[in-house]
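Since the structure comes first, as structure tokens, the remarks are kept for the end.
We count residues from 1, following the sequence as given.
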Amino acid sequence: MLINKDPSNDTTVALSYSGFSPSTAAPTVYSYRKNATSTGSAATGSATSQTVPAYSIAVVRLRPRTAG
């Protein structure tokens, strides 16, 4: 869960993992923005970088990298 408390500016965050290898596909991001009436979802960003809109909450759903 990523929370951006800044009411005016988006913020980009770097994500890293210990003991987990995420898929290279874009993760599904569920977000709730200021004055929204419901959550939205989109495949956006990457497993290592996400931009969180101003004054919003985002949940990043990752899939594990498959063995190949």
Side-chain angles (χ1 to χ4, degrees):
M1 179 181 295
L2 307 171
I3 300 172
N4 183 355
K5 293 182 180 181
D6 187 321
S8 303
N9 300 297
D10 296 354
T11 190
T12 300
V13 294
L15 305 170
S16 62
Y17 310 94
S18 177
F20 178 76
S21 296
S23 168
T24 56
T28 301
V29 179
Y30 300 91
S31 60
Y32 184 78
R33 298 177 185 217
K34 181 179 179 181
N35 299 323
T37 58
S38 64
T39 58
S41 67
T44 187
S46 72
T48 58
S49 179
Q50 287 290 318
T51 298
V52 184
Y55 214 58
S56 70
I57 299 170
V59 174
V60 181
R61 182 179 179 201
L62 300 166
R63 303 230 188 267
R65 179 174 288 158
T66 58

Give the table of side-chain donor-acceptor pairs shorter than 3.5 Å for residues 11-23, with sequence neighbours excluded, one pair per line with atom names and distance.
residue : atom : partner : partner atom : Å
T12     : OG1  : T51     : OG1          : 3.0
Y17     : OH   : A47     : O            : 2.5
S23     : OG   : A25     : N            : 3.1

(message) For N35, give me all partners under side chain to side chain donor-acceptor pair (under 3.5 Å), at least two apart in sequence or on another chain.
(response) none

(message) I need the minimum non-hydrogen distance between S8 and A54, along with the two atoms involved.
(response) C-CB, 3.7 Å

(request) State which residues pass side chain to side chain donor-acceptor pair (under 3.5 Å) with D10; sequence neighbours excluded, sorted by chain then number. (result) none

(message) If I compare all heavy atoms of Q50 with all of P27, which pair ends up nearest, and what's the gap?
(response) NE2-CG, 3.6 Å

(request) Hey, could you give me each pair passing ring-ring contact (aromatic ring centres under 6.0 Å, His included) that has a residue in residues 22-63? Not counting sequence neighbours. (result) none

(message) Test your reading of the model: is there a side-chain donor-acceptor pair from N4 to the backbone of I57, 3.5 Å cut-off?
(response) no

(request) Tell me, with the steps shown, if M1 and I3 meet side chain to side chain contact (heavy atoms under 4.5 Å, CB included). (result) CA-CA 7 Å; M1 179 181 295; I3 300 172; 4.1 Å; yes

(request) May I have all residue pairs that pass side chain to side chain donor-acceptor pair (under 3.5 Å) and include part of residues 38-49, sequence neighbours excluded? (result) S46-T48

(message) Can you give me the closest heavy-atom contact between G45 and A26, atom names plus distance?
(response) O-CB, 3.6 Å

